[in-house]
Every structure is written in C-alpha cells, then in structure tokens.
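What follows is a set of notes on a single structure, which appears directly below.
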Amino acid sequence: MCVTTTMTAAMTATITAAPTIAAILTALLLCLSTTKGQESEEGERHEITWGRPNTNTAYFDDDTPTNVTAVVGQKATLPCQVINLDKKDVSWIRQRDLHILTVGIFTYTSDDRFKVYHPEDSNEWYLEISPVTFRDAGVYECQVSTSPKVFLPILLTVEVQQARIQGPKEVYIQSGSTIKLTCIVNTHSENVGAVTWFRDTNELDYDSPRGGVSIEIEKTPAKTTSKLFLTRAMKGDSGNYTCAPQFADAASVVVHVVNGEESAAVHTAGSSCVCSS
C-alpha cells in the first residue's frame with residue numbers, strides 16, 4: 001500500500017514539477033510510520049487471541065486454578081475469572097463431547113446438576129456440578145466470545161473418600177468389656193458429612209435403646225476420626241459394625257462377643273484379636 005502511494009505521489013510530482021529530495025524523504029518516513037503502526041496492531045491482535053492482560057479485550061485472571069478435585073456426591077466448583085468482559089458472553093463447554101453447558105447465566109443441558117454461578121458485578125463465572133459423579137471427570141473449557149475466541153481449560157478430577165476401621169476385619173470381645181471401634185476417613189475435601197455407626201441395620205447413637213453407647217468425633221484438615229464405645233458388651237452386641245460417612249465409602253468389621261470359655265477356644269484357634277477392656 002505504501003509503495004503504491006509513494007509511486008503515485010512521485011508520478012504526480014514528475015508531471016507538475018521535479019520532486020524535491022525533502023518531499024521524497026517525507027513520503028518514505030510516513031510509509032515506515034504507517035507500517036510500524038500496522039505491525040503493532042497485528043501484534044496486539046495476536047496477544048488478544050490468547051487472552052493477554054494490558055489490552056482492552058477480555059482475558060483470564062492468571063491466578064485462576066486450572067486443576068480442581070471433587071468428591072463423589074458433593075458439589076464440584078470450576079472457577080473462571082474474566083477481566084474486561086464488556087458485553088461478551090462466557091460459555092462453559094465439556095471437552096469430551098463438545099457439549100455447550102452454559103452461555104452467560106443460562107444453562108443449555110437437560111442435566112439439572114449443571115449450573116453457572118455469577119456473583120453480580122463480579123468477574124467470576126463458576127460452573128457448578130452437584131452432585132458430582134465419576135463420569136463428570138475430565139476437561140471443561142471456559143470460553144469468551146471474542147474474535148478469535150479465548151478459552152481456559154479446567155481439569156476436574158473426581159475421587160471417592162474411603163472410611164477405614166482400625167484393626168482386623170473380625171474382632172472378638174469378651175463379655176462385659178467395652179467395645180471400642182475407631183473409624184478414620186482421610187479427607188480430600190473440607191467435609192465428609194455426618195459419620196453414622198450401624199450394628200447390622202440398626203443405627204447406634206446416644207439415644208439407642210441399648211444404652212451405654214457413646215461416640216467421639218475429631219476433625220482435622222487431614223482426616224476425620226469417629227470412635228464408637230459400647231460399655232458392658234453382651235451376646236446381643238455381636239454383629240456387623242459399619243462406619244458410614246455421608247460423603248465417603250463405608251467400612252465394616254464383624255464383632256463377636258464371647259464369654260470366658262469361648263475366649264479360650266478362640267485363643268486356641270489362633271484368632272487375630274481377643275479384646276477385653
């Protein structure tokens with residue numbers, strides 16, 4: 001474009017009068033200035049393609065986490081923070097099947113577990129999946145309808161929390177002693193929910209008709225511990241004991257309450273545990 005303009009100017013100058021050196025230099029400098037401006041604009045457009053800051057076009061906050069871990073049965077929250085959105089739309093796409101889940105604040109799936117959460121006057125556009133399942137694991141893209149589009153992939157990992165009762169899977173308790181069972185849940189999230197104990201299908205708590213039942217709960221960032229105590233064990237306390245957290249897989253042990261003679265027989269048979277306390 002600059003060559004054509006310069007040639008035209010030179011031809012015109014030749015017809016009317018001989019061009020001066022100063023005029024030719026001015027035209028060349030103008031051409032170089034215009035070319036640099038075009039290159040600068042093209043450079044900015046390239047940066048905008050990837051959603052770069054320091055522009056007037058939408059880009060993603062660099063502090064947005066791109067790996068999210070959720071627990072089966074709980075809510076998964078995928079973050080997306082867009083700066084300079086203006087009047088553009090934010091969409092969430094599931095990468096495995098390219099399904100458009102949300103556009104703006106509207107949901108475009110029949111699966112009502114998916115929805116977008118956008119606090120008013122904020123830059124946040126969260127995709128929420130509740131309750132999350134194993135099948136939901138994978139990559140989700142937060143897209144902005146710029147030209148060209150910018151997108152941010154978020155990897156969702158879905159895990160199961162597992163309860164574990166300390167000790168062997170089969171426990172023998174002497175009649176009249178206290179049954180003590182300790183259940184530990186290594187947490188992957190802030191909350192494992194309520195931890196409930198059962199003997200067979202009967203829930204055990206402070207109000208159990210049996211009486212003498214107590215439960216202690218201790219929660220730390222690394223684990224949740226629930227301890228079950230049944231005083232003055234009797235034959236009727238034998239059964240399958242289950243520790244069932246609300247948001248974790250349950251764990252079970254079999255408890256046998258035995259008298260003195262049975263305890264000796266268990267010792268002879270080489271049982272893994274005969275407890276009295």
Side-chain angles (χ1 to χ4, degrees), residues 41-162 185-194 221-222 224 245-249:
E41 290 176 1
E42 289 174 0
E44 286 186 358
R45 284 198 294 271
H46 178 73
E47 289 183 351
I48 291 169
T49 300
W50 301 103
R52 300 295 176 87
N54 303 319
T55 69
N56 293 324
T57 306
Y59 65 93
F60 298 107
D61 190 327
D62 290 338
D63 294 330
T64 302
T66 55
N67 291 283
V68 174
T69 300
V71 175
V72 169
Q74 297 194 31
K75 179 169 68 176
T77 302
L78 281 60
C80 182
Q81 186 170 2
V82 185
I83 313 299
N84 291 341
L85 181 60
D86 195 22
K87 296 182 180 180
K88 303 298 182 182
D89 290 320
V90 175
S91 304
W92 278 99
I93 314 294
R94 185 168 54 207
Q95 193 179 80
R96 76 164 185 263
D97 56 4
L98 300 180
H99 189 105
I100 299 174
L101 300 171
T102 66
V103 177
I105 61 173
F106 300 102
T107 302
Y108 288 87
T109 174
S110 58
D111 190 339
D112 59 7
R113 297 179 306 117
F114 291 85
K115 68 176 182 178
V116 67
Y117 172 59
H118 171 57
E120 189 175 358
D121 298 326
S122 74
N123 297 321
E124 286 83 19
W125 296 83
Y126 298 100
L127 177 65
E128 296 182 343
I129 311 172
S130 181
V132 70
T133 68
F134 269 124
R135 181 170 168 75
D136 296 320
V139 176
Y140 295 78
E141 289 184 0
C142 178
Q143 293 188 359
V144 181
S145 60
T146 52
S147 181
K149 287 184 172 64
V150 294
F151 59 91
L152 178 68
I154 305 292
L155 175 62
L156 172 62
T157 302
V158 181
E159 298 181 348
V160 170
Q161 295 184 132
Q162 178 67 57
V185 184
N186 294 323
T187 58
H188 297 284
S189 67
E190 297 179 355
N191 183 21
V192 300
T224 294
Q246 184 177 358
F247 300 122
D249 280 358

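Position 1 is the first residue of the sequence, and the numbers go up from there. If you're wondering where the values come from, they're calculated on a predicted model, not measured in any experiment.
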- Query: What's the verdict on side chain to side chain contact (heavy atoms under 4.5 Å, CB included) for Trp92 and Tyr126, showing C-alpha distance, side-chain angles and the deciding distance?
  - Reply: CA-CA 9 Å; Trp92 278 99; Tyr126 298 100; over 6 Å; no
Measure the spacing between [atom1] of [X] and [atom2] of [Y] and express it to the nearest 0.5 Å.
X	Y	atom1	atom2	answer
Leu127	Ser91	CG	OG	11.5 Å
Glu128	Leu101	CD	CG	13.0 Å
Thr146	Phe151	OG1	CZ	10.5 Å
Leu155	Gln95	CG	CD	9.5 Å
Thr107	Asp112	OG1	CG	9.5 Å
Thr66	Asp63	OG1	CG	11.5 Å

- Asp86 meets the side-chain contact (heavy atoms from CB on, under 4.5 Å) criterion, sequence neighbours left out, with none
What pair of heavy atoms forms the shortest contact from [X] to [Y], and how long is it?
X	Y	answer
Thr102	Lys115	CG2-C, 4.4 Å
Val185	Pro245	CG2-CG, 3.6 Å
Val150	Ala58	CG2-O, 4.3 Å
Ile105	Val116	CA-CG1, 3.5 Å
Val68	Pro79	CG2-CD, 3.8 Å
Gln162	Ala248	N-CB, 4.2 Å

Evaluate the side-chain proximity of [Y] to [X]: yes if any heavy-atom separation is below 4.5 Å, no if none is.
X	Y	answer
Arg113	Thr133	yes
Val158	Val72	yes
Val132	Leu156	yes
Gln74	Gln161	yes
Arg96	Arg135	yes

- Per side chain to side chain contact (heavy atoms under 4.5 Å, CB included), Leu152 is matched among Tyr140, Tyr59, Phe60 by Phe60
- Query: Considering the options Val90, Asp89, Leu78, which one meets the side chain to side chain contact (heavy atoms under 4.5 Å, CB included) requirement together with Trp125?
  - Reply: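 Considering Val90, Asp89, Leu78, a side chain to side chain contact (heavy atoms under 4.5 Å, CB included) with Trp125 is found only for Val90.
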- Please step through side-chain hydrogen bond (donor to acceptor under 3.5 Å, both in side chains) for the pair Glu124 and Ser122, ending with a clear verdict. CA-CA 6 Å; Glu124 286 83 19; Ser122 74; 3.2 Å; yes
Under 3.5 Å: donor-acceptor pair, side chain of [X], backbone of [Y]:
X	Y	value
Glu159	Ala70	no
His118	Asn123	no
Thr109	Asp111	yes
Ser145	Lys88	no

- Note on the structure: Contacts satisfying disulfide bond (SG atoms under 2.5 Å apart) that involve residues 97-138 (not counting sequence neighbours) are none
- Query: If you count the non-hydrogen atoms of other residues, nucleotides and ligands that lie under 6.0 Å from OH in Tyr117, is the total more than 12?
  - Reply: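 12 or below, so no.
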- Would the number of heavy atoms belonging to other residues, nucleotides or ligands and lying under 6.0 Å from CD1 of Ile83 be above 12? yes
- Item | Pair Asp61-Thr64, side-chain hydrogen bond (donor to acceptor under 3.5 Å, both in side chains): steps then yes or no | CA-CA 6 Å; Asp61 190 327; Thr64 302; 4.9 Å; no
- Report the C-alpha distance between Thr157 and Asn67 in whole Å, list the side-chain angles of each, state the deciding distance to 0.1 Å, and finish with yes or no for side chain to side chain contact (heavy atoms under 4.5 Å, CB included). CA-CA 8 Å; Thr157 302; Asn67 291 283; 5.9 Å; no
- Query: Any Lys/Arg nitrogen of Asp136 or Arg94 sitting under 4.0 Å from an Asp/Glu carboxylate oxygen of the other?
  - Reply: no
- Full working for side chain to side chain contact (heavy atoms under 4.5 Å, CB included) between Ile129 and Thr77: CA-CA 7 Å; Ile129 311 172; Thr77 302; over 6 Å; no
